[in-house]
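Chain A is the first sequence line, chain B the second, and so forth, proteins listed ahead of strands; every chain is numbered from 1.
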Amino acid sequence: MQSSAQHADAAVAREIARLIAREVNDQRLKALLESPGSFDQPLWSLAVEQGWPGLALPEAVGGVGLGWRELADVVQVLGHATVSLPLIQATVIGRLLLQANNTGDFSACARRLAAGEAQVCIALMADGDAGLPAQPALVLDGGKLYGTASSAPFANSAQFALVQARHKGGTVLALATLDDSVRRVTDNLIDNARAAAQLQFEASDARLIEGAQALADVLAISAVMTAFEQIGGASACLELAKNYAMEHKAFGQPIGAFQAIKHKMADIYTAIEIAKGCALEALAEIETGTLSIEAAAAARISANRAYDLAAQEAIQVHGGMGIIWEGFLHHHYRRARSLALELGSTAYWRNVLIEKLLAGAAS
Amino acid sequence: MNAELDQYRQACRAWLAQNAAACLVQDGMSTDEEIALARQWQALKADAGYAAITLPTEYGGGGQSELHKIVFSEEEMRFRLPRQYFIISLSNALPTFLHYAQSEALKRELGPRAIRGEQLWCQMFSEPGAGSDLAAVRTKAEKDGDDWVLNGQKLWTSWAQIADWGVILTRTDPTVPKHKGLSYFFVNMKTPGIEVRPLKRFTGDQDLNEVFFDDVRIPDSQRLGDVNGGFMVAIHTLMMERYAVSSVNAPLDDIIELAKHATVGGQPAIWDSGIRETITDTFIEQQGLRNIHRRAVQALSEGGSPGPEGAIRKLLMGESLLRAGKLAMDLQGPQGLRADSDSRFARSWLNAPVLRIAGGTDEVLKNTVAERILGLPQEMRPDKGKAFNELL
């Protein structure tokens with residue numbers, strides 16, 4: 001039963017890996033890095049044609065109806081290739097909209113997300129804050145949104161944004177419509193391939209999403225899914241480093257024969273395996289609807305560490321070849337940092353985890 | 001995982017609930033008292049089929065799978081039982097003897113005695129010049145008629161001082177490359193010419209020994225495996241237990257409890273970001289390993305191989321205990337330095353260096369991960385292909 005299910009999800013991910021390998025090349029990925037706010041529109045069109053945006057959304061809204069495990073496999077493939085598509089966002093927010101107390105026309109929005117007619121971004125973070133800000137910069141008043149949301153991935157390509165706003169003396173979660181009233185400002189970033197932009201709202205339409213747990217859930221599930229993307233990227237770095245260490249020679253032998261290199265690679269491998277273990281623990285909890293903050297935080301922190309470490313040390317193994325534009329490692333080096341920041345830094349998640357562990361120890 | 005194993009676990013739990021209380025280790029027990037207790041515990045387990053779960057029933061074992069052994073170990077670890085004394089005896093030395101010994105009668109005689117804890121086997125591999133580089137052993141075994149005569153020195157031999165039997169790796173041909181000139185024997189530790197000198201660890205533990213061989217004569221019937229085929233037998237010994245369940249984890253809940261009550265500069269210690277980092281790192285390692293363990297057991301139950309869990313756990317364990325031990329000691333202030341038997345953090349910190357060395361150093365383990373798992377080439381070896389006696 002389980003092994004045939006594993007077989008099925010592996011098949012979807014394999015097919016996606018095959019299409020990405022055919023469609024995407026280094027040149028194209030480098031072009032995306034060169035201008036701010038880049039988005040791989042041709043790949044997105046292919047993704048939409050193939051039904052990727054709705055893979056893990058219910059059939060009732062036009063999705064394929066697969067689960068989180070399948071999505072995890074798919075984003076691992078994306079991470080491995082450093083391809084940026086807003087699949088996690090579509091799934092997490094699509095499902096959130098279907099569960100929100102005030103569904104109404106949210107289901108129409110979920111339907112558009114599943115079909116890939118629309119994209120959604122998560123714009124919750126703020127400049128000068130290492131994690132989710134305690135006090136959001138945006139204000140929601142009478143169904144209109146005001147203020148500037150700091151740079152967020154896919155804000156330059158999305159039609160909707162999940163934002164946090166002050167509302168009637170409290171903090172709420174809202175879905176903003178990114179129409180012409182919204183000004184998008186693209187900054188030159190270390191990783192321009194993420195379609196990132198700041199969003200300036202001036203009386204833009206936004207709808208309140210009700211549900212007290214919604215924000216924590218969105219962050220936690222996004223963190224776990226992103227962990228799989230990070231693990232995909234880290235594994236790619238390890239493979240690249242290994243291949244280089246096998247073929248590049250110094251002092252009469254492949255550099256991979258030197259213990260200094262071997263031990264570095266063993267450290268990367270261990271960090272990835274720990275991250276994988278934490279991500280799979282969290283995934284199992286998601287599947288049973290019992291995702292704990294502890295498991296999400298462990299997945300997040302260990303994946304941040306594994307990808308950062310793998311990218312930086314794979315460059316080191318490559319020596320001079322690691323630092324040239326033509327090489328591929330800088331794509332991972334950039335992506336590792338982007339992914340480690342976008343959903344809140346390690347420092348933020350560490351505090352989240354500690355607070356939970358303390359609460360647990362108290363009980 | 002499957003109904004049969006779940007049932008087995010229930011049976012283990014029920015049996016342990018009934019029997020463990022009789023053999024619990026108490027604070028302040030001497031080594032001799034603990035060993036006596038360990039023998040008693042082995043006998044109890046043997047009667048119930050839990051003493052050597054994977055060994056054949058005709059030799060007194062439980063005749064069950066590795067998974068059964070894992071399940072029992074997981075349950076057994078919940079109690080403070082004297083587990084460590086018979087691990088090498090029953091997981092490494094005896095299984096090799098039972099696999100290679102020539103005399104069926106002797107296997108049927110010695111197997112049950114070892115499994116019941118009446119006798120203990122030690123494993124004599126390491127030497128002053130052969131630790132990580134096991135194939136460099138120099139203890140000689142020379143053929144004399146139908147006998148072999150052993151001369152040399154073994155080191156780091158656990159429990160040799162109380163062992164009845166031992167397995168030993170020796171050099172039988174120094175004129176060929178080092179791993180091709182080794183032979184493997186079992187010896188009665190009371191044989192004339194064997195002298196055991198205990199070594200005291202800096203923790204005070206007295207498990208380790210030097211063992212000296214001075215014209216020790218043993219019959220060829222005590223050879224295990226082919227003449228000069230001993231290295232393969234040694235690998236068999238080391239691989240015998242594909243998956244060892246380990247109980248060595250940093251006690252995270254206790255450390256969090258300490259951090260909640262300790263202060264640093266008048267502030268709760270738990271507010272300190274360095275302390276938070278150590279605690280979360282430890283939590284994350286344990287969380288990752290928990291999942292890796294789950295998958296290894298799953299793989300075993302499906303007839304696969306357990307994967308790299310052993311190497312990763314071993315690599316992380318020593319450092320993790322060091323880190324957690326240091327933090328816990330810091331949090332306690334001056335009393336953190338007390339070395340009484342109930343000062344568990346100080347004691348676990350004292351013991352941590354052993355975990356980074358025994359059973360394969362961190363460095364050797366990293367080589368293993370890089371070579372066996374990632375497929376990197378071996379380092380150039382000046383001894384490769386050369387006869388052993390050319391290297392001396």
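Using a 4.0 Å cut-off between charged side-chain N and carboxylate O, B:R276 and A:E355 make a salt bridge. In summary, A:D267 and B:K366 engage in a salt bridge, as defined by a charged side-chain N under 4.0 Å from a carboxylate O.
B:D362 and A:H263 share no side-chain donor-acceptor pair at under 3.5 Å. The closest side-chain donor-acceptor pair between A:Q259 and B:E379 falls under 3.5 angstrom.
Between chain A and the options B:I270, B:L315, B:D281, the largest number of non-hydrogen pairs under 4.5 Å is found for B:I270. Ranked by non-hydrogen atom pairs under 4.5 Å with chain B, the options A:E239, A:Q253, A:M265, A:K264 are led by A:Q253. Counting heavy-atom pairs closer than 4.5 Å to chain B, the top-ranked of the candidates A:N351, A:I301, A:L238, A:I261 is A:N351. Note on A:G252, A:G256, A:A284: by heavy-atom pairs under 4.5 Å with chain B, the leading option is A:G256. In terms of non-hydrogen atom pairs under 4.5 Å with chain A, the most contact-rich of B:R290, B:Q378, B:E285 is B:Q378.
Of all heavy-atom pairs between A:A266 and B:L374, the closest is N-CD1, 4.5 Å. The two residues B:N291 and A:K276 have their closest heavy-atom pair at OD1-O, 4.4 Å.
For the atom pair B:L316 CG and A:T270 OG1, the distance stands at 6.0 Å (nearest 0.5 Å). Taking CG of A:L357 as the reference point, atom CG of B:L252 lies at 6.5 Å (rounded to 0.5 Å). To the nearest 0.5 angstrom, A:C278 atom SG is 7.5 Å from B:F283 atom CZ. Here the straight-line distance linking atom OH of A:Y269 with atom CD1 of B:I312 works out to 4.5 Å at 0.5 Å rounding. Taken from CG in A:L280 to CZ in B:R295, the straight-line distance is 5.0 Å, to the nearest 0.5 Å.
Using a 4.5 Å cut-off between heavy atoms, A:A295 contacts chain B through both its backbone and its side chain. Heavy-atom distances place the side chain of B:E371, and not its backbone, under 4.5 Å from chain A. For B:L365, no part sits under 4.5 Å from any heavy atom of chain A, backbone or side chain. Heavy atoms closer than 4.5 Å to chain B are found in both the backbone and the side chain of A:E294.
For the pair B:Q287 (side chain) and A:A298 (backbone), a donor-acceptor distance under 3.5 Å is absent. Judged by distance alone, with hydrogens and angles left aside, the side-chain atoms of A:K262 form a donor-acceptor pair with the main-chain N or O of B:P377 at under 3.5 Å.
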Could you go step by step and tell me if B:I275 and A:I354 meet the side-chain contact (heavy atoms from CB on, under 4.5 Å) rule? CA-CA 10 Å; B:I275 290 171; A:I354 280 284; over 6 Å; no

